[in-house]
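Just so it is clear, the structure is predicted and the values come from calculations on it, not from any experiment. Protein chains get the first letters and strands the later ones, always in sequence-line order, with residue 1 at the start of each.
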Amino acid sequence: MNLDGLEQITPYCFAAPARGGAAPIRFFGSRALLEAMDEKVREQITHVARLPGLVGAAMAMPDAHWGYGFPIGGVAAFDPEEGGVISAGGVGFDISCGIRCLRTPFTLAQLSPVIAPLADALFRAIPAGLGEQGRLKLSLPQLDEAMTGGAQWAIAQGFGRDEDLPFIEERGRIAGAAPEHVSTHAKERQKAEMGTLGSGNHYLEVQVVERIHDQAAARAYGLREGQILVAIHCGSRGLGHQVGTDYLVSLAHAAGRLGITLPDRELACAPIRSPEGARYLGAMNAAINIALANRQILAHLTRDVFARFFPRQPIDTLYDVSHNTCKAEEHIVQGVAKVLYVHRKGATRAFGPGHADLPAPYRAIGQPVIIGGSMGTGSYVLAGTATSEAQSFSSASHGAGRAMSRAQALKRWHGRALIDELARKGILIRTKSFRGAAEEAPGAYKDVEAVAEATESAGLARRVAFLRPKACIKG
DNA sequence: ATGTAC
């Protein structure tokens with residue numbers, strides 16, 4: 001990305017001021033990460049800055065890359081009282097895609113002797129891949145309950161336990177879901193997809209805590225070196241995708257009717273206080289609950305598999321973070337508390353220490369932030385900081401971020417060879433799609449170390465632990 | 001991301 005015309009306002013933040021009625025833009029990251037970023041990110045963030053009612057700056061996180069309308073890694077907050085809008089492209093198609101991180105009591109030494117049969121068992125138990133169905137088949141009324149109840153609904157169905165809830169955003173259930181604004185088509189697509197992983201960059205990964213960066217935070221999060229964790233990365237499956245598809249059309253019509261000039265058709269949006277905006281918000285919240293329920297069921301299936309190898313050993317939820325959402329949150333704007341609708345597309349919420357929404361054991365430390373890396377490199381647990389509120393409406397990076405398109409990756413890697421190479425490095429991959437594995441080659445991603453380092457240096461979150469993959473179930 | 005395009 002060309003940085004011409006951007007001012008380096010801190011070593012890890014590059015910005016351009018408001019101009020011509022558009023809001024300021026702001027890019028977080030090292031100069032090296034930003035220079036390597038696709039040109040499209042700047043173009044897309046510049047477009048976002050022209051949307052009505054934007055508060056502060058249109059922002060890109062250090063892992064940003066090109067996306068539909070908004071870049072992935074984009075953050076934008078809107079004031080409903082100032083004509084602020086909600087945009088389906090600002091949330092993304094995979095609504096509430098996120099990571100559930102489970103904390104096991106097992107060490108790598110205990111796990112290593114059974115890692116291969118464990119990976120096989122997880123691969124059999126976790127439905128993964130495009131269009132893959134789960135064991136659960138829901139009726140439309142049951143699906144409405146899931147859309148309203150989220151992970152709380154899943155627990156009531158026998159998947160997991162109430163102790164998980166404080167460690168899930170919104171305690172596992174976001175308010176404001178409106179199943180009546182989700183199309184029957186979207187519901188039909190989801191009936192048999194609860195408790196499934198999906199495809200693309202979704203995965204279930206068995207990881208080991210390889211390095212602790214912050215001992216106090218690690219202690220509060222219950223993490224120690226050599227400990228085994230499980231990260232489940234997935235979202236709202238067919239339902240979320242269909243909600244996105246349906247509302248792109250509806251929001252585009254609304255924008256036309258209300259005379260909102262769209263810098264890019266992909267930024268279809270409507271005022272938060274408009275019928276179409278309100279309906280999208282209700283449908284998106286329903287999809288958020290579907291994603292929360294989905295990860296809750298997958299966490300339960302994971303526990304079942306581990307129990308076969310390690311009976312009667314508790315596996316806790318470290319945290320469950322979403323990274324494709326638009327959420328109403330209170331933020332301080334020029335000294336005044338306001339409710340803003342914060343779009344985070346490929347960005348995690350990162351509340352700092354003391355936030356009332358954090359579970360008691362983490363409140364003094366800050367919210368766990370999970371940067372999911374590629375299958376061959378590793379992931380990070382970070383903690384939200386006080387500075388992220390002022391910098392980015394309490395938002396941080398969500399992953400390594402793609403550095404190369406899927407098509408480019410396919411030309412460069414062969415799935416089978418890649419999986420063999422990772423196995424030689426002690427990382428077991430289980431997948432039905434060798435093509436998918438090639439698209440997800442670690443080399444097609446940015447350097448997760450650089451992203452985590454930049455996230456910390458930019459003041460968005462601070463590093464707590466580095467996690468190395470041991471086994472990965474790929475969709 | 002996605003019954004990988006209606």
Other residues, nucleotides, ligands: >12 heavy atoms within 6.0 Å of A/His331 NE2: yes
Sugar-phosphate, base or nothing in reach of A/His233, heavy atoms under 4.0 Å: nothing
d(CD1, A/Ile290; P, B/dT2) in whole Å: 14 Å
Touch class at under 4.0 angstrom, heavy-atom based, for A/Glu193 against every strand present: sugar-phosphate
For atom OH of A/Tyr68 and atom P of B/dA5, their distance in whole Å: 13 Å
Sugar-phosphate, base or nothing in reach of A/Arg402, heavy atoms under 4.0 Å: nothing
d(CD1, A/Ile72; P, B/dT2) in whole Å: 13 Å
Nearest-Å distance for atom pair CD/P, residues A/Gln242 and B/dT4: 12 Å
Within 6.0 Å of CZ in A/Arg412, more than 12 heavy atoms from elsewhere: no
Euclidean distance, atom CG of residue A/Asp246 to atom C1' of B/dT2 [Å, nearest integer]: 13 Å
Exam field: side chain A/Arg462 to backbone A/Thr385, donor-acceptor pair closer than 3.5 Å: no
Between B/dT4 (C1') and A/Arg406 (CZ): distance, integer Å: 10 Å
Any side-chain heavy-atom pair of A/Ile99 and A/Tyr203 under 4.5 Å: yes
Any donor-acceptor N/O pair, A/Ser388 side chain to A/Ala350 backbone, under 3.5 Å: yes
Rounded interatomic separation in angstrom, taking CZ from A/Phe434 and P from B/dT4: 21 Å
d(NE2, A/His241; C1', B/dT4) in whole Å: 9 Å
Residue whose nearest DNA chain B nucleotide is more 5′ - A/Phe93 or A/Leu130: A/Phe93
Below 4.0 Å: OP1/OP2 of B/dT2 and any side-chain N or O of A/Ser199: yes
Touch class at under 4.0 angstrom, heavy-atom based, for A/Gly92 against every strand present: nothing
